[in-house]
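Every heavy atom of this structure was used, including side-chain atoms; hydrogens, water molecules and symmetry mates were not. A note on names: the letters A, B, ... follow the listed sequences, proteins ahead of strands, and every chain is numbered from 1.
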Amino acid sequence: MKIGVVTFPGSLDDVDAQRAVRIGGNEAVALWHGEHDLKGVDAVVLPGGFSYGDYLRCGAISRFSPVMAEVVEAAQRGMPVLGICNGFQILCESHLLPGALIRNDHRKFVCRDQRLRIERADTPWTSAYEAGQEITVVLKNGEGGYVADEATLDRLEGEGQVVARYLDHNPNGSLRDIAGVSNERGNVVGLMPHPEHAVEDLTGSGTDGLGFFTSLVEAVLA
Amino acid sequence: MSRVVVDVMPKPEILDPQGKAVLGALPRLGFSGVADVRQGKRFELEVEGEVTDEVLAEVARMAETLLSNPVIENFTVRVEETAEVQA
Amino acid sequence: MSRVVVDVMPKPEILDPQGKAVLGALPRLGFSGVADVRQGKRFELEVEGEVTDEVLAEVARMAETLLSNPVIENFTVRVEETAEVQA
Amino acid sequence: MPEDSPQPRVSALDTVAVATDDPGREQPWSDLGLKADEYARIREILGRRPTSSELAMYSVMWSEHCSYKSSKVHLKQFSEIPQETPAGKMLAGIGENAGVIDVGQGYAVTFKVESHNHPSYVEPHQGAATGIGGIVRDILAMGARPVAVMDPLRFGPLDAPDTHRVLPGIVEGVGHYGNCLGLPNIGGEAVFDETYLGNPLVNALCVGVLRHEDLHLAKASGAGNQVILYGARTGGDGIGGVSVLASETFDADGPAKRPSVQVGDPFMEKLLIECTLEIFAAGLVAGIQDLGGAGLSCATSELASAGDGGMHVELDRVPLRDSTLAPEEILMSESQERMMAVVEPGDVEAFMAICAKWDVEAVVVGEVTDTGRLEIDWHGERVVDVPPRSVAHDGPTYERPFARPAWQDALQADAAEALPRPTTGEELGETLLRLVASPNLCDKSWITDQYDRYVRGNTVLSQPSDSGMVRIDEESNLGVAVATDCNGRFAKLDPYTGARLALAESYRNVATGGAVPLAISDCLNFGSPEDPDVMWQFAEACRGLKDGCLELGIPVTGGNVSLYNQTGETAILPTPVVAVLGVIDDVTRRTPTGWRAVEGDDRGESVFLLGE
Ligand SMILES: Nc1ncnc2c1ncn2[C@@H]1O[C@H](COP(=O)(O)OP(=O)(O)O)[C@@H](O)[C@H]1O
C-alpha cells in the first residue's frame, strides 16, 4: 500500500515515520504541507515534531496547511489517517478527533520508554494487535496531556474510541490515562506515543510499534 | 496604528498545569493570600488604521479560528487600555 | 475574592518567535491589516480580600520575581476590568 | 528632540570620509574593550582613525572570544600533531568552522564542541538554547547534516539556591532547542562543584555527516559572485557593548537600550537547516559561513579574508527587525538563525526559490570584488574600508605570563591518603550510599529524560551508555560514536595529567562502545588569562592534550576556548572538556553499557577485568 507521510515546516519524525512505513512492508510517499496533493496514497501519517515551532498551540498553525484540506476531506471519506504526537495535536486542532492536548502536568518535556495497552484492535492502524495487548513504545512530548470534558470522555469510553492507554505511570497527566483515540468511524487515530520509534531492535525501544505499520495491509486483506 | 488585545484563557473546567505550578510556588517564595492562579496568553495586535466595529469583529474571528482553541479556551477582544502599575 | 491580572510581554527589542509565527499565519488564513503581533502571558490571580495598594505592590513583586523574567520581559499589574467582546 | 539633550548630538554618519577629515575625534575604544596599543595598531593599519563601524568590527573581532589572543600561542602546538586520523587524512582542520574527517564509504563526519557559559548564567534558558543553535550552524556551514548533539554541563552544588535558578533553565534550553531541531541528544555530562556556582559551564557539541564531495568552506572567492544573507532578521541582540558607539549618534531619548541577551527561535533554525541542505544538494553554494558571535562583522571579514579578493556590502539591504539600528549595531548584532552564502550570479534565482519554499527570508547584500578590501556602505556612503585579514585573522596575540602556582605543591601533597577511612562494614556501607547518592555519580535521567534521544531513528547508544552512537548509513550500518569527558578536580591537581586523563577517559568511552577513536575536539574552560596561575593551568592542559594526542595518534580537529570563567577572584576548576569521535563499521556490533543476560543461557555473560 502507499502511505503518505506529510512534512510540515518543523516536522521531525517524518523520516522515521517513512522508515517505519517501509519496514512495515508498505511504500512511503513524502507529502508536502504546501501542496493540495495526496499523490494517490491509500493512507496518511501525520508525523511528530514541532510543526511551526509548536508556537501558539501545537498543531494550531499546521492545521491550516493546504494539504490538511485534502487530509480532512479524505478522512471524512474514510481514508485511514494516523496522527502521531504532533500529528495527533494537528488532528485535534482540525476537529477530526475530539479533545485537545495540553502542556504536560509536570510541565517538562519527557522522553522515556512507555508501556501501553492497546484498547481497540479493530481500527485500520491497530488490527495487528490483540485488544488488551500490552506493548512498550517510545514516548516523547512536552504537550501530551489529553483533555476533553467529562461528557466527551464518557462518550469516548462508551463508544470504544479509546485506542490506547498508558500503563504503570501516566507520563503527562492525560485524563483517564488516554494515550490515543479514534474518531467514531475508527479510520482516524491519534496517538501521543511514537510507534515509529519502536520498529527496529537496534534503535528505539524494541519492535512493539511495528503493528501500527503492518495493520493496514491486514485490514485490507481481511 | 492601533493596538487590539486578545486575551486567551483556559476554560475554568480545564486543567491548567502552568497556573497550578505558579500557585504552588507562591507560598514557597513567601507570598500568601493568592487563592488561585490561571495562566493564559495575551496577544497584542497592531492593526492598520482605526479600530472600527468591523475590525474588532475580524479580530474576534481570528481569535476564534486561530488564536484560541474553543475546546479548551475562552477569549476576549478589546482595544488596549492603559495599565495601573507598569514595570 | 478579587481578581488581579498580570500581563507579561516580551520586551519590544527582544525577538518574539511566537508572535512572528502568528503574524505569518494570518495572511494565509485570509486575514489582512495586522502589521505586528506580540505574544505574551496573562496571569489571573484570585486574591483574598480587597485589592489594596499593598496587595498590588505584593503582586508586582510576584510578577517581578516569579511571573516574568526581567531580562527579556516587561509586566503590568492591574485589577481586572470587563472586556468589550466576550467569547 | 529636546533642546537640552544631555548627549552631544553627532548627527552625521561616521563615514570613511569623515574619519579622514576629522582624525582627532575621541573614540570609546576603551569602553569597547580595546587596549591603547590595539587602538593604535588599528590606526596604523588604516592610516587614519577607524570609523565607528570599523571600530565596532575590530573591537569585537579582536576580543578574546573571537581572536583567541591569549590562547593562540598555546593552541599552535596542536598543529604539530600529524593532521591525519587512523582512517586517513583530515579533510578540514583547525581554522575552519569545524574539523572534517573521513570515516570511509565516501562519508565524512564533522564535529565540534563550543562553550556558551556566560550567556547561560545571565539567561539560563536562552543562553543554553542559543549555545546549541550556534554549534549546529557551525556544523551545517561545513556542508553537513547535523545528526546529534551532546551537552557537557557544570554547575555549582546541587543544593545552592543559584543552581536552582540556573540548572532548570539550562537543561530546558538545551532540551527545547535540540528537541525542536529534531536532533537526538546522545550524551553529555552533569558535574557539580563549588567553583561553578557563579559561573556554570554550558558546552555544546554537534556532530554532522556529509559525503566527501559536499564539503563546503567559508570563503568568498570569484569576483562578481553574490553575497546572500538569509535566515532571521537582524535585531538588536547581544550588542549591549557597542551601544556606547551607537549612543553617540542617537539622542538621549533614542533607542539606547539594547539587550545583551539573544533569544533563539529553533523553528527558524530547523527551516534554515532544511533550506541550506537543499541548497547544498542543488549545488548552489560557492562559499558559506554561519553567523554566530560578532555576527556580520565576523561573517563578512572571515569570508573575505579566506577568499581570493575582497567584498563589497550594502549594509542598508540587511533585513531588520528593529528599524532604529545604526550601522555599527547591525555589524555587531548577534541575532541568531542567520547564514551568509556566496553564490554565483546565475544561481541566485534558484537559491532564492529554495529559500522561498522554506519561508526563509534571503537578500543579496553584496558581492565579491577584486579589490582585496572589505568595503561596507550605508545608504551609499562608505562606513567600512579595511583589509579583511587584519580584522579576521591578524588580530593581536599575547604571550601572557604564566607560572606554576605557589600553592600547587601544597595541593598535591594534601593527598587522599590523609583522609579518614571507613573502618567498619557499617561505615563502608554508609560511604557507599553517600557516593552513589552524590549528584556527580547518581543516575542522570532526571536531566536526560528531558531530551529526545530517539528522533531520526538512528540512535544506537545514548544515556546511560559511556558514549553516544548513531548509525549514519542504514544499508551498511556504518556509524560514529562520541564521548565527552573531563574531571576538573584532577585537572586542578595537575593540569597536564588532568588533560591527558580527560582525553584517555573520552577515548576509552568511545572504544568500549565498539568504535575506533579517530579524532578529538575540545572546549577549554578556564579562569582569567591575566592570572599567571590560570595561564599556567591552560598552558599545561594544552601541552598535556598535545602529548596525549601524539601518543594515541589522533589529531585535534578544532575546538573552543572559554576564558574569564571566574567569580570574583575564584577561578573555576580548570576544565578542558575533551570530545573524542570514533567510527564503527557495523553498529549492530556495538557494546552497550551494563550486564546483560544471554538468552537461552542461564550462566549469563562472562566478566573480565582488563588492565591493572
Ligand atoms: N547533560 C547531559 N546531557 C546528556 N546526557 C548526559 C548528561 N549528563 C549525563 N549524561 C549521560 O548520562 C549517562 C551517565 O552519565 P555519567 O553519570 O556522567 O556517566 P559516567 O560517569 O559513566 O561518565 C551518560 O550516558 C551520559 O552521556
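- Every residue meeting the side-chain contact (heavy atoms from CB on, under 4.5 Å) condition with B/L15, not counting sequence neighbours, appears here in chain and number order: A/I102, B/P17.
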Quick check - list every chain B-chain A donor-acceptor pair under 3.5 angstrom, one line each.
from, atom 1, to, atom 2, distance (Å)
B/Q18, OE1, A/R103, NH1, 2.3
B/K41, NZ, A/L56, O, 2.7
B/T65, O, A/R63, NH1, 3.4
B/L66, O, A/R57, NH1, 3.1
B/L66, O, A/R57, NH2, 3.0
B/L67, O, A/R57, NH1, 3.0
B/S68, O, A/R57, NH2, 3.4
B/N69, ND2, A/E93, OE2, 3.3

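- Among residues at least two apart or in separate chains, there is no ring pair (Phe, Tyr, Trp, His ring centres under 6.0 Å) pair with a member in residues 1-43 of chain B.
- Nearest heavy-atom pair across A/L56 and B/L66 is CD2-O, 3.3 Å.
- If you measure heavy-atom distances from B/I72 to chain A, the contacts under 4.5 Å come from the side chain alone.
- Within the structure, side chain to side chain donor-acceptor pair (under 3.5 Å) contacts touching residues 46-56 of chain B (residues at least two apart or in different chains) are B/R3-B/E46.
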